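A quick write-up on the structure given underneath.
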2 protein chains.
Amino acid sequence: MSSHTTTPKKPRTRRISESTIRRLSIYYRALARLEAEGYHTVSSKELARRERLTPAQVRKDLSFFGSFGTRGLGYPVSELRGKIARILGIDRMWNVALIGVGNIGSALVAYKEFQRQGFHIRRIFDNDQRKIGSNHKGIMVSDIADLESELKASKIEITVIAVPAHAAQDVADRCVRAGIKAMLNFAPVNLKVPDDVCLRTENMSMELEYLSFSRVNQGSVETVLLDAEKA
Amino acid sequence: MSSHTTTPKKPRTRRISESTIRRLSIYYRALARLEAEGYHTVSSKELARRERLTPAQVRKDLSFFGSFGTRGLGYPVSELRGKIARILGIDRMWNVALIGVGNIGSALVAYKEFQRQGFHIRRIFDNDQRKIGSNHKGIMVSDIADLESELKASKIEITVIAVPAHAAQDVADRCVRAGIKAMLNFAPVNLKVPDDVCLRTENMSMELEYLSFSRVNQGSVETVLLDAEKA
DNA sequence: AATTGTGAAATTGTTCACAGCA
DNA sequence: TGCTGTGAACAATTTCACAATT
């Protein structure tokens with residue numbers, strides 16, 4: 001378990017599941033809260049209780065990345081938080097560009113949580129002449145016509161796509177051409193990007209549809225089967 | 001396969017996985033587009049190709065709810081769309097209340113996609129005296145002090161929580177007391193609700209953190225292991 | 001005594017492959 | 001022939017259970 005040994009105990013490469021990464025984000029936030037509450041140490045049991053997970057899940061997730069705890073004691077809150085920040089890559093700043101400053105885009109510019117996590121909006125793009133040149137929280141809105149060149153010039157690493165659905169694929173294609181490898185999409189469409197580009201889509205309607213489904217079929221699918229057949 | 005037999009061939013109740021429900025939303029949107037493009041029929045192969053899934057996945061997902069296709073032909077686009085709408089519970093209107101009309105809340109009021117899917121914002125609540133009484137897209141902002149009574153009076157079925165993180169748990173508790181069974185939360189906290197209440201949390205930072213992770217560890221976790229250990 | 005770290009078992013989710021039908 | 005529907009095989013993920021460690 002010591003980090004000085006030269007003989008590795010496990011394979012150096014592993015595929016980490018999406019769910020593990022999502023939980024890492026959860027642990028990070030929980031640890032931040034624990035730190036604020038003055039805790040120095042936390043057990044997998046307590047961390048799991050707070051986030052409605054199982055202790056084994058917490059330990060297994062963390063074990064993929066190393067041995068961060070002390071047997072009999074638990075995990076050091078502040079230190080573990082730092083380790084997770086490093087794993088997630090949020091121990092640094094990211095240059096983000098926002099494309100589309102309509103309703104959702106405007107909300108995102110004002111959303112302080114992004115800044116707090118190290119995601120800094122450096123450029124804003126829109127195609128509306130009335131918006132171009134205007135100021136949003138200290139950032140001039142650029143003409144989307146200059147997207148590719150500006151993205152490159154300003155060393156943007158992540159783009160947030162907040163344009164209408166019909167324009168989203170074109171914007172995504174142009175980001176790809178500008179060398180962007182990570183995008184967060186708020187348009188309710190399934191964008192196509194090359195394999196080496198990481199794309200996440202935030203689909204708010206989908207979440208509401210999930211709620212709707214859960215309400216209509218209170219936990220089980222008995223009624224769905226019946227209804228769908230008779231429909 | 002016929003729905004007239006009195007002896008069911010499979011158990012009438014089944015637990016449907018979250019991923020299947022999410023894909024149902026995807027199929028629904030894809031079918032809407034196919035319909036607009038004039039298709040009458042679609043095969044699992046084509047549907048899968050468009051949404052980057054596998055044909056077997058599409059067929060398996062749909063088979064949980066019934067037999068909607070025709071062997072040799074495929075699925076009837078418009079009809080299947082209707083069936084999925086019914087399964088998801090979006091073949092009706094839902095009364096939604098928005099709680100918190102800050103940056104994100106304002107964006108949600110203006111977000112047309114919700115309306116289009118049958119989710120109608122009927123009430124808006126805030127605790128800011130300057131906002132109370134003001135008009136947002138035809139809806140008067142109510143005082144959050146009246147939350148419980150107004151939720152009941154207006155037959156709200158789903159609440160959307162868009163208040164600051166520190167206020168979110170209290171709002172959720174009050175929604176529960178008002179009998180709300182479905183909530184969509186935009187505050188970056190893990191809210192605690194009773195088992196019979198369905199809660200979804202839309203966490204935008206989490207998605208950015210996922211992108212960050214993917215960028216830092218290009219697909220594999222080799223570097224994470226090394227970095228986390230030496231850190 | 002308490003709690004981690006982790007193989008092994010259990011469970012859940014996905015893909016295969018083919019019978020059955022249009 | 002083409003394509004669905006589905007049990008069986010396979011793969012991934014979660015949970016269990018316990019040795020190891022403080």
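Per chain, numbering begins at 1; letters A, B, ... match sequence-line order. Only a predicted model underlies this, so the values are computations on that prediction, with no experimental measurement involved. Values below: all heavy atoms of this structure, side chains included; hydrogens, waters and symmetry mates excluded.
Rounded to an integer number of Å, the gap from OH of Y27(B) to P of dT4(D) is 12 Å. At whole-Å resolution of the value, CD in E79(A) and C1' in dT4(C) are 15 Å apart. Atom P of nucleotide dC3(D) and atom CZ of R59(B) are separated by 10 Å, given to the nearest angstrom. With rounding to whole Å, Y75(B) atom OH is found 12 Å from dC3(D) atom P. Distance I16(A) CD1 to dT13(D) C1': 12 Å, rounded to the nearest Å. Taking atom CZ on R71(A) and atom C1' on dT4(C), their separation rounds to 5 Å, with Å as the unit. In this structure, F64(B) atom CZ and dT12(C) atom P are separated by 13 Å, rounded to whole Å.
The side chain of S44(A) places an N or O atom within less than 4.0 Å of a non-bridging phosphate oxygen (OP1 or OP2) of dT4(C).
For the segment residues 46-57 of chain A, residues with any heavy atom less than 4.0 angstrom from an atom of DNA chain D are, sorted by number, T54(A), A56(A), Q57(A). For the contact set between residues 18-25 of chain A and DNA chain D, defined by any heavy atom under 4.0 Å, the members are S19(A), R23(A).
Side chains of E207(B) and N203(B): a donor-acceptor N/O pair is absent below 3.5 angstrom, by distance only. Side-chain contact annotation: Q117(A) with S205(B), donor-acceptor N/O pair under 3.5 Å absent.
When the local axes at the two ends of the helix from dA1(C)-dT22(D) to dA22(C)-dT1(D) are compared, using 5 base pairs at each end, they differ in direction by 10° after rounding to 10°.
Between R29(A) and R33(A) there is a side-chain heavy-atom pair separated by less than 4.5 Å. Inter-residue side-chain proximity for F68(A) and E79(A) is flagged as unmet; no heavy-atom pair is nearer than 4.5 Å. Using a 4.5 Å heavy-atom threshold, the side chains of F65(B) and T20(B) count as touching.
Between Y75(A) atom OH and R59(A) atom CZ the span is 6.5 Å, to the nearest 0.5 Å. With rounding to the nearest 0.5 Å, the separation of CD in E148(A) from CZ in R177(A) is 5.5 Å. Interatomic distance, CG of D91(B) versus NZ of K83(B), reported as 12.5 Å (0.5 Å rounding).
Residue L73(A) is the one, among L73(A) and D61(A), whose nearest nucleotide of DNA chain C lies closer to the 5' end (criterion: closest heavy atom).
Counted within 6.0 Å of NE2 on H40(A), heavy atoms from surrounding residues, nucleotides or ligands total 12 or fewer; the atom is thus considered open.
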Could you tabulate the donor-acceptor pairs under 3.5 Å formed by side-chain atoms of residues 188-196 of chain B, not counting sequence neighbours?
| residue | atom | partner | partner atom | Å |
| --- | --- | --- | --- | --- |
| N190(B) | ND2 | E51(A) | OE1 | 2.5 |
| K192(B) | NZ | R50(A) | O | 2.3 |
| D196(B) | OD2 | K181(B) | NZ | 2.8 |

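Qualifying salt bridge (charged side-chain N to carboxylate O under 4.0 Å, His left out) partners for R122(A), counting only residues two or more places apart in sequence or in other chains: none.
Ring geometry, W94(B) versus F119(B): the interplanar angle falls under 30°, so the pair is classed parallel (tilted spans 30 to 60°).
Counting only distance, with no hydrogens or angles, the side chain of N95(A) and the backbone of K155(A) share a donor-acceptor pair below 3.5 Å.
For E35(A) and R81(A), the salt-bridge test passes: some basic side-chain N is under 4.0 Å from an acidic carboxylate O.
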Mind listing the N/O atom pairs, protein and nucleotides 7-11 of chain C, below 3.5 Å?
| residue | atom | partner | partner atom | Å |
| --- | --- | --- | --- | --- |
| dG7(C) | N7 | K60(A) | NZ | 3.4 |

